[in-house]
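Residue numbers begin at 1 in each chain, while the letters A, B, ... track the order of the sequences. These figures come from a predicted structure and were not determined experimentally.
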Amino acid sequence: MKRPVTLTINGERQEVAVEPWWTLLDVLREELGLTGAKKGCDRGDCGACTVLLDGKPVTSCMVLAVQADGRQVVTVEGLAAPGHLHPVQRAFVDYGAVQCGFCTPGMIMAAVALLNETPHPTEAEVRAALTGNLCRCTGYAKIVQAVMAAAQHGGAA
Amino acid sequence: MSAHLGPTPLRVVGQRVPKVDGVDKATGVAQYTVDVRRPRMLYARLLRSPHAHARIRHMDVSRAQALRGVRAILTYRDVPPVVHAGQPQPRAGSLARDQRILEDRVRFVGDGVAAVAADHPDILEEALALIQVDYEVLPAVFDPFEAMQPAAPSLHGTDRNLVIPPFIVRHGDVEQGFAEADYIFEGRYETSRPMPAYMEPDACVCEFDPSGRLTVWISTQAPFMVRGSLSEVLGIPMSKIRVICEHMGGGFGAKQDLYQYPYLCVLLAQRTGRPVKMEYTREETFVAGRSRHPVVIELRQGVTRDGRLTARQARFVANSGAYASHGPGITRVGTNALASLYKCPHVYIEGLCVYTNAPIAGAFRGYGAPQAYFALESQMDEIAAQLGLDPIELRMRNMFQPGDRGPAGTPFREVMLPACLQRGAELIGWAEKRQRPADPGPIKRGVGVACQLHSATSYPAVKEAAGAVVSINEDGTVQLLIGAADLGTGAKTVMAQIAAETLGVGLDAIRVVSGDTDVTPYDIGAYASRTTFIAGGAVQRAAEDAKRQLLDLAAQELHAEPADLHVTDGVVASRSDPGRRIAVKDLVASPGGRSARTIVGRGTFAPRNDYSFAAQFAEVAVDTETGQVEVLQMVAVHDVGRVINPTTAEGQVEGALHQGIGYALMEDLVVDGVSGKALNANFADYKMLTALDMPKIYVELLESVDDLGPFGAKGLAEDGVCPTAAAIANAIYHATGARVRQLPIAPDRLLELIP
Amino acid sequence: MHRFDYLEPATLSEAVALLAQHGARARVLAGGTDLLTALKEGWERPDWVLSIGRVADLRYIRYDSRDGLRIGALATVREVETSPLVRKHYPVLAEAAGTLASVQIRNLATLAGNVCRASPSGDTLPALLVLDAEARLVGPSGERRVPLARFFVGPGRTVMEPTELLAELVLPPPRPGTGAHYIKHSLRRAMDLAVVGVAALVALDGETCVDARIALGAVAPTPIRALAAEEQLVGRPITPDAAEAAADLAQAAARPITDVRGTAPYRRRMVHVLTRRCILRAAELAQSQGRLP
Ligand SMILES: Cc1cc2nc3c(=O)[nH]c(=O)nc-3n(C[C@H](O)[C@H](O)[C@H](O)COP(=O)(O)OP(=O)(O)OC[C@H]3O[C@@H](n4cnc5c(N)ncnc54)[C@H](O)[C@@H]3O)c2cc1C
Ligand code: FES
Ligand code: FES
């Protein structure tokens with residue numbers, strides 16, 4: 001039976017009725033129309049579904065929506081103010097870190113989480129923080145470059 | 001064709017401009033097929049066979065049908081019995097019509113046997129479980145050599161289970177060549193079954209409008225191929241089918257043939273009168289996707305004492321899996337690649353493509369060449385070692401010259417391999433590292449090299465063409481319509497750059513529209529390494545056509561000669577009298593109130609092929625106690641003609657290296673030799689390199705001047721993956737003395753080989 | 001995904017009562033990273049999923065020098081990895097925790113869940129074994145403490161009753177002069193399951209080894225201690241030869257299987273190589289520990 005849960009998504013409180021077995025990812029995508037987070041595997045292996053839950057990056061395909069009740073969720077849609085890109089988004093675009101773009105929302109959320117915790121990471125720290133995000137297009141080279149650049153320009157902003 | 005390398009410096013071409021759709025993708029706004037939602041949409045899934053080979057005696061769908069929320073179920077009795085090809089525009093010139101939408105026979109574990117549409121995805125699993133299928137299990141065969149035996153079960157009733165008759169490349173007389181040799185080298189090379197593993201799973205949404213027009217949103221590299229296939233197989237006129245793919249999450253070749261699911265999705269939409277969405281699970285992308293062909297290559301070469309190749313004989317045996325897909329084309333390209341790369345007077349290569357009850361192999365970046373070059377370049381390294389020659393020196397002694405015939409049969413316009421080798425050797429410190437004394441301790445380092453040459457198109461097997469349309473808006477901005485889909489490679493950006501450069505307008509004035517068969521001109525599909533080369537050529541021609549019209553108009557308005565006019569930053573001006581000028585927007589829609597003029601430029605481009613070259617160098621560290629290989633760095637030097645956008649071009653090579661290193665070391669879909677089941681059909685056990693596993697990469701793009709493609713651009717997308725595995729295998733040999741002839745180079749197998 | 005009903009108790013006693021009521025028809029959900037996989041794959045088909053995520057006061061990591069370390073059932077692997085207390089007093093546990101999956105998964109996964117899942121390859125288990133961890137279990141008839149050395153019964157199987165919960169993990173205070181190390185052997189450098197995992201702990205008095213513990217992962221139905229190898233080390237200096245001899249004994253203790261991640265012979269061989277390396281590294285760490293003020 002569906003039960004109501006309250007999520008604060010990108011700063012906005014939303015109530016939504018969910019089945020207990022629905023994942024946070026499915027609720028974001030199917031019920032709330034927030035299709036930024038992607039489903040690449042639905043098993044926690046690829047990171048395309050990464051969102052921030054109470055400020056921490058998690059794979060939203062491995063969280064039940066009922067587990068997220070009452071908590072804060074930030075998705076890629078909530079990073080940029082209208083007309084302004086988050087520094088990490090800006091760097092991804094400028095440094096060519098986006099190819100097909102399917103890993104990009106999750107990758108950006110993981111990078112944002114890293115810079116929130118570690119504003120000036122080493123390259124090794126960047127790579128370690130992104131191991132949960134598979135990318136098939138870029139070989140990660142320009143992604144790592146973009147995160148390093150965003151850090152230099154105050155990416156935690 | 002004007003080479004554009006003249007006095008006017010290029011403004012947009014050659015620049016690192018950001019992707020035109022980068023912001024949409026980085027903000028999560030870009031809509032992929034999996035993001036498409038339609039009102040009243042149903043969800044559908046396939047029931048897949050647990051058996052590798054079976055006949056269906058009987059199916060009972062009544063219990064599933066009775067489940068609440070189930071709207072339609074299709075079995076082989078409900079679909080048109082049309083026999084068709086997976087890939088209607090064959091790169092091999094031969095069409096293998098071997099598949100049906102559904103039939104009473106399954107040929108691999110994962111073959112679809114029924115499709116269900118329901119109100120919600122939650123119901124699908126249960127519905128599928130309620131379908132009863134009575135299988136008569138048939139003997140199955142997974143090894144191509146066994147499949148060619150007379151007693152083997154036959155998949156499609158062909159001779160020896162061959163997909164196409166043997167493909168033979170022959171020149172000279174190999175017997176004579178071996179007689180002239182001082183040494184003969186022989187090896188059997190076995191390659192693995194890596195998956196393209198694009199991040200966006202296969203998906204489509206099909207919807208009929210009340211007047212019977214069908215719209216298909218689908219993650220495809222070839223929207224027009226989808227339209228053509230659906231039309232042919234389902235009997236719907238092309239004018240009633242619209243195929244849309246605006247953004248796609250990768251394809252790497254595999255999303256350019258059709259089997260089962262899009263046809264079924266259309267039929268379900270037809271039957272229910274509602275939009276239907278079908279989205280693969282990750283597991284389905286493995287079991288029902290397309291792998292690279294596992295190939296066995298038996299290679300024998302004769303060589304003189306001073307390192308000249310005298311003869312090359314080989315057999316290229318590709319495991320096509322249960323259906324042909326791109327098997328014919330891959331066999332042709334792989335066999336041609338084996339016959340090429342270095343000059344050899346006497347060559348006899350036989351290419352075989354064999355049906356087995358394994359999952360379907362198909363097109364995947366490199367298209368038969370990575371397998372061929374793994375064998376060829378490993379053996380070149382072995383020859384160099386035996387003869388005591390530097391591997392680069394051996395290659396130089398057997399280098400092609402301009403005018404020699406390349407693998408596709410057309411002559412080389414130039415041969416850039418020596419330059420690639422030389423530059424790569426400098427970058428990696430080859431001379432010094434080859435001399436370095438062996439490392440003490442269990443970790444040993446080594447360097448290795450391998451080369452490739454590749455044709456950007458499928459010419460002459462397929463005479464490809466692309467079209468483009470440029471139309472100028474009333475305010476002087478530009479709509480650029482291209483048929484090619486953008487797989488994520490940056491094709492749209494590159495096309496916009498070519499148009500902006502040619503038209504003399506800013507990049508931000510160009511809006512690229514692609515991937516919609518109702519709107520854009522025809523394009524055969526984004527495959528091979530063709531988009532920049534061919535579609536770019538079409539864009540350049542369309543922009544030139546539009547510009548010619550602009551200049552003619554401007555010549556009238558300014559009372560000038562068209563030849564005296566040029567367009568810069570959206571303004572047409574006279575060279576001899578710079579004061580005479582008019583803005584493009586005023587030409588199109590004059591302020592005087594006359595209605596806007598129609599300026600539409602059209603271009604098509606159907607070139608021959610052109611070759612691109614690369615040398616890749618690997619430095620590895622091998623743990624000789626565990627067999628683990630760490631790639632320390634890769635140096636990739638690629639000749640790509642003119643680089644239109646260095647960022648996207650480097651990105652292509654970097655991404656290809658990810659797949660190439662994975663191919664060398666870990667990627668392999670393991671199919672059980674008894675049951676035919678895939679044992680690692682998920683991202684936990686099918687290993688792709690993470691950000692921590694990727695080494696430092698140095699990509700250098702050599703610009704050769706070649707005027708065939710747009711501004712001299714050649715293909716690049718496939719090249720990066722072709723030599724990587726051999727470069728790594730050769731570096732491992734240098735480090736340890738272990739000669740690996742099987743992919744992937746798994747630690748346990750390597751440990752057995754380390755002397 | 002398997003469909004189920006969902007329970008969310010607010011206290012430990014409520015959780016225990018609900019578990020007693022539903023017994024084998026319920027599954028406990030902590031971080032969910034294992035359970036959700038099992039539910040999605042249909043390996044587990046419980047009627048009830050009982051989330052302990054909102055049970056008060058289970059999310060803590062506490063240390064004092066007399067009782068050692070206590071890790072509540074809801075402490076995440078990431079919290080263990082980054083905890084200053086763990087990093088200071090039990091660095092090998094932080095090290096092992098950091099090898100598990102990705103940051104995203106570590107933010108969800110609990111340490112207790114890794115223990116309860118009882119996978120032979122569970123990455124924190126060899127480290128917990130060499131640290132002599134104990135599980136505090138609560139059930140309908142009260143609580144009990146079980147050393148992890150007696151906790152695992154088989155792949156996915158433990159001594160816990162279906163009505164019991166793991167409330168916390170308790171680690172005794174470290175003795176001075178110890179060094180410990182975990183080696184995870186996997187194909188990838190991250191996001192991978194261990195083909196073989198080896199943890200070694202060495203305590204030195206001067207040059208002499210006075211205590212040694214070695215635990216092996218992914219080479220038997222449960223993570224195991226290599227007791228004979230440990231005995232071999234005690235009472236003498238840790239030399240390459242001593243490590244080699246202990247590695248022989250560890251290898252003999254391993255009973256690996258062949259699966260898609262590795263063959264049995266390869267795993268056996270790796271136990272040898274990695275145990276030797278792990279012991280020597282632990283001894284190095286013990287020595288540098290001894291030199292600290
Ligand atoms: C993508 C991915 C990668 C992974 N990689 C690794 C890896 O590298 N190494 C590794 O070791 N593991 C790995 N895992 C497995 C998993 O993350 C760990 O085992 C994790 O620690 C489990 O914790 P959890 O809180 O998520 O457990 P849950 O899934 O919530 O529970 C696991 C099991 O333990 C039971 N349980 C949990 N807590 C309690 C309790 N307090 N009392 C009683 N029973 C309880 C549950 O009923 C369930 O049976 C991976 C998982 C995923 C999805
Ligand atoms: S979709 Fe969640 S990790 Fe892949
Ligand atoms: S950009 Fe395509 S998967 Fe990362």
**Q** Quick one: CG on L134(A) to NZ on K687(B), what's the gap to the nearest 0.5 Å?
**A**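 These two atoms lie 11.0 Å from each other.
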**Q** Which atoms of D122(B) come close to chain A, meaning under 4.5 Å heavy atom to heavy atom: side chain ones, backbone ones, both, or neither?
**A**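 For D122(B), the side chain is the part near chain A, not the backbone.
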**Q** Supply the atom-to-atom distance C61(A) SG to R282(B) CZ, rounded to the nearest 0.5 angstrom.
**A**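 If we round to the nearest 0.5 Å, C61(A):SG and R282(B):CZ are 11.5 Å apart.
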**Q** Could you please state which residues from residues 32-46 of chain A sit under 4.5 angstrom from chain B, measuring non-hydrogen atom to non-hydrogen atom, sorted by number, or 'none'?
**A**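 Within residues 32-46 of chain A, the residues under 4.5 Å from chain B are T35(A), G36(A), K38(A), K39(A), G40(A), C41(A), D45(A), C46(A).
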**Q** To the nearest 0.5 Å, how far apart are OH in Y140(A) and CD1 in I697(B)?
**A**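 One gets 11.0 Å once the value is rounded to the nearest 0.5 Å.
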**Q** What distance do N133(A) atom CG and M199(B) atom CE have between them, rounded to the nearest 0.5 Å?
**A**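 Atom-to-atom, N133(A):CG and M199(B):CE are 8.5 Å apart.
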**Q** Please identify, among A197(B), A656(B), P18(B), P201(B), the residue contributing the most non-hydrogen atom pairs under 4.5 Å to chain A.
**A**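 Most heavy-atom pairs within the cutoff with chain A belong to A197(B).
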**Q** Less than 4.5 Å to any heavy atom of chain A: does that hold for the side chain of Q31(B), its backbone, both, or neither?
**A**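 It is the side chain, since no backbone atom gets that close.
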**Q** In Å, rounded to the nearest 0.5 Å, how long is the span from CD of E200(B) to SG of C103(A)?
**A**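 Going from the CD atom of E200(B) to the SG atom of C103(A) covers 12.5 Å.
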**Q** I'd like to know which of G655(B), G28(B), G662(B) tops the heavy-atom pair count under 4.5 Å against chain A.
**A**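 Between G655(B), G28(B), G662(B), the count favours G655(B).
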**Q** Tell me, please, which residues at least two apart from W21(A) pass ring-ring contact (aromatic ring centres under 6.0 Å, His included).
**A**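 W21(A) satisfies ring-ring contact (aromatic ring centres under 6.0 Å, His included) with no other residue.
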**Q** Which heavy atom of Y32(B) sits nearest a heavy atom of F102(A), and at what distance?
**A**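 Smallest heavy-atom distance, with atoms named: OH-N, 3.5 Å.
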**Q** Begin with the C-alpha distance, continue with both residues' side-chain angles, and end with the deciding distance and a verdict on side chain to side chain contact (heavy atoms under 4.5 Å, CB included) for F252(B) and C137(A).
**A** CA-CA 9 Å; F252(B) 310 111; C137(A) 300; 3.7 Å; yes
**Q** Looking at A684(B), G651(B), A691(B), A26(B), which makes the most heavy-atom pairs under 4.5 Å with chain A?
**A**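 The candidate making the most pairs under 4.5 Å is A691(B).
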**Q** Using the rule given for side chain to side chain contact (heavy atoms under 4.5 Å, CB included), can you reason through H658(B) versus T138(A), listing the C-alpha separation, both sets of side-chain angles and the distance that settles it, and then say yes or no?
**A** CA-CA 8 Å; H658(B) 178 260; T138(A) 64; over 6 Å; no
**Q** Is the count of non-hydrogen atoms from other residues, nucleotides or ligands lying under 6.0 Å from E15(A) atom CD greater than 12?
**A**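 Check passes, neighbour count above 12.
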**Q** Relative to chain A, which of T281(B), N645(B), L689(B), D21(B) shows the most heavy atom pairs under 4.5 Å?
**A**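 Among T281(B), N645(B), L689(B), D21(B), the one with the most close pairs to chain A is L689(B).
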**Q** Between Q89(A), M107(A), K142(A), which residue shows the highest count of heavy-atom pairs closer than 4.5 Å to chain B?
**A**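 That would be K142(A).
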**Q** Between L692(B) and chain A, which part of the residue has a heavy atom less than 4.5 Å away: side chain, backbone, both or neither?
**A**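 Both parts, heavy atoms under 4.5 Å.
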**Q** Using the rule given for side chain to side chain contact (heavy atoms under 4.5 Å, CB included), can you reason through T27(B) versus L85(A), listing the C-alpha separation, both sets of side-chain angles and the distance that settles it, and then say yes or no?
**A** CA-CA 8 Å; T27(B) 51; L85(A) 293 183; 3.5 Å; yes
**Q** When the ring planes of H120(B) and W22(A) are compared, do they come out parallel, tilted or perpendicular, using 30° and 60° as the limits?
**A**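 Geometry flag for W22(A) against H120(B): parallel rings.
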**Q** Highest number of heavy-atom pairs under 4.5 Å with chain B: which of E19(A), E30(A), R90(A), E77(A)?
**A**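 Looking at each of E19(A), E30(A), R90(A), E77(A) in turn, E30(A) comes out on top.
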**Q** Need one label for F286(B): side chain, backbone, both or neither, based on atoms under 4.5 Å from any heavy atom in chain A.
**A**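 No part of F286(B) comes within 4.5 Å of chain A.
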**Q** Could you check whether D35(B) pairs with R29(A) (Lys NZ or Arg NE/NH1/NH2 to Asp/Glu carboxylate O, under 4.0 Å)?
**A**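 Counted as a salt bridge, because a side-chain N and a carboxylate O are separated by less than 4.0 Å.
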**Q** Quick check on P121(B) against chain A: is it the side chain, the backbone, both or neither that has a heavy atom closer than 4.5 Å?
**A**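 No part of it gets close to chain A.
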**Q** Indicate yes or no: does R136(A) engage E654(B) in a salt bridge with an N to O separation below 4.0 Å.
**A**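 So R136(A) does not pair with E654(B) through a salt bridge.
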**Q** Between V34(B), T285(B), L657(B), which shows the greatest number of heavy-atom pairs under 4.5 Å with chain A?
**A**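 Result: the option with the highest number of such pairs is V34(B).
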**Q** For the candidates E283(B), R16(B), R37(B), E650(B), which exhibits the highest count of non-hydrogen atom pairs separated by less than 4.5 Å from chain A?
**A**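 So the answer, after comparing E283(B), R16(B), R37(B), E650(B), is R37(B).
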**Q** Checking side-chain contact (heavy atoms from CB on, under 4.5 Å) against K25(B), which of V93(A), V98(A), V76(A) comes through?
**A**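 Among the candidates, only V98(A) passes.
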